[in-house]
Amino acid sequence: MVREAKREDLGEILKLYLYLHEESVPEPSEYLSAVWEQIVSDRNHHLLVNVIDGKIVSSCVCVIILNLTRNVRPYAFVENVVTHADYRGHGYATECLEFAKSIAEKSNCYKMMLLTGSKKKTTLDFYKNAGYNCADKTAFIQWLNM
């Protein structure tokens, strides 16, 4: 079942992110708590989780970005798509992306975008099968203070 993350989901989400690109779970801090509170309180920031048998097994973020072009229609940016290694191949991330798409449609977005650092064919095919294409835009990234 895909749903919006709740305040009490933070620890489980941080552990799930170890399957994304994180090397460790951040230590509890006032800053972490403040960021988490801002995320769960922001009506345009949707951290989605897929819960199977009481466990968060997949997640993605969908941020609605207000915009002055395209007839003042917003767009959605999807990030941090991840599934626990033991649960891959069952469509759980696809369900998260479908939920994100429904949020974007309800928000009158004119497009959805996502980036992936993966070059693996299976990952790229996964996003293509979810309705994304890599032909319309060229992405550039500038890393800051890494």
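Here the structure is a predicted model, which is why all the values come from computation and not from measurement. Count residues from 1 along the sequence.
- For the atom pair T94 OG1 and Y127 OH, the distance stands at 9.5 Å (nearest 0.5 Å).
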field: Test log, rule salt bridge (Lys or Arg N to Asp or Glu O under 4.0 Å), inputs R3 and D9
entry: CA-CA 11 Å; R3 62 169 171 77; D9 293 331; 2.6 Å; yes
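- Note that SG of C96 is 15.5 Å distant from NZ of K101, once rounded to the nearest 0.5 Å.
- Considering NE2 of H46 and OG of S102, their distance stands at 9.5 Å, rounded to 0.5 Å.
- Grouping the Ile, Leu, Val, Met, Phe, Trp and Tyr side chains by contacts below 4.5 angstrom, directly or via other members, places Y75 with V61.
- With contacts defined as side-chain heavy-atom distances shorter than 4.5 Å, the pair L68/R73 does not qualify.
- Two residues are said to be in side-chain contact when any heavy atoms from C-beta on lie closer than 4.5 Å; L48 and I103 meet this criterion.
- In this structure the side chain of K15 never reaches within 4.5 angstrom of the side chain of E22, judged on heavy atoms.
- In this structure, the side chain of N129 engages the main chain of D125 through a donor-acceptor pair within 3.5 Å.
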- prompt: Which is it for F126 and L97 under the side chain to side chain contact (heavy atoms under 4.5 Å, CB included) test, yes or no, and what are the steps along the way?
  reply: CA-CA 11 Å; F126 165 74; L97 291 176; 3.7 Å; yes
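- Across L32 and P28, no two heavy atoms sit closer than the pair CD2-CA, 4.2 Å.
- Side-chain contact between C60 and V82 is absent, with no heavy-atom pair separated by less than 4.5 Å.
- Neither V72 nor V63 shares a network with the other; the hydrophobic side chains, linked directly or stepwise wherever heavy atoms of I, L, V, M, F, W or Y lie under 4.5 Å apart, form separate groups for each.
- Tested against S59 for a side chain to side chain contact (heavy atoms under 4.5 Å, CB included), the candidates L16, L20, N50 yield a single pass: L16.
- Residues N44 and I65 fail the side-chain proximity criterion, which asks for heavy atoms closer than 4.5 Å.
- Atom NZ of K111 and atom CZ of F77 lie 10.5 Å apart (nearest 0.5 Å).
- Placement of V78 and Y110 in two distinct hydrophobic clusters is found when ILVMFWY residues are connected by side-chain heavy-atom separations under 4.5 Å, directly or transitively.
- The shortest side-chain heavy-atom distance between S41 and R7 falls under the 4.5 Å cut-off.
- Looking at heavy atoms from C-beta onward, E12 lies in side-chain contact with K55 at the 4.5 angstrom threshold.
- No side-chain heavy atom of V49 sits under 4.5 Å from any side-chain heavy atom of S58.
- Residues Y31 and I39 share a single hydrophobic cluster, defined by chaining ILVMFWY side chains whose heavy atoms lie under 4.5 Å apart.
- Among I56, V57, V2, the single residue meeting the side chain to side chain contact (heavy atoms under 4.5 Å, CB included) criterion with V51 is I56.
- For S107 (side chain) and A104 (main-chain N/O), no donor-acceptor pair under 3.5 Å exists by modelled atom type.
- Linking Ile, Leu, Val, Met, Phe, Trp and Tyr whenever their side-chain heavy atoms come within less than 4.5 Å leaves I52 and F99 in two separate clusters.
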task: Decide side chain to side chain contact (heavy atoms under 4.5 Å, CB included) for K128 and C134; before the verdict, give the C-alpha distance in whole Å, the side-chain angles of both, and the deciding distance to 0.1 Å.
output: CA-CA 8 Å; K128 288 176 185 175; C134 57; 4.0 Å; yes
- prompt: Where do L114 and E79 land on the side chain to side chain contact (heavy atoms under 4.5 Å, CB included) test, with the steps shown first?
  reply: CA-CA 6 Å; L114 68 81; E79 185 65 79; over 6 Å; no
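- Of the residues K121, K119, K120, the one that meets the side chain to side chain contact (heavy atoms under 4.5 Å, CB included) test with T123 is K120.
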task: Determine, step by step, whether V40 and K6 satisfy the side chain to side chain contact (heavy atoms under 4.5 Å, CB included) criterion, reporting the C-alpha distance in whole Å, the side-chain angles of both residues, the deciding distance to 0.1 Å, and the verdict.
output: CA-CA 7 Å; V40 295; K6 300 176 185 175; over 6 Å; no
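- For CD of E30, the number of neighbouring non-hydrogen atoms (other residues, nucleotides, ligands) closer than 6.0 Å is 12 at most.
- Going from atom CG of L47 over to atom CH2 of W36 covers 5.0 Å, rounded to the nearest 0.5 Å.
- Aromatic ring pairs are classed by plane angle as parallel below 30°, tilted from 30° to 60° and perpendicular above 60°; the pair H84 and Y19 is tilted.
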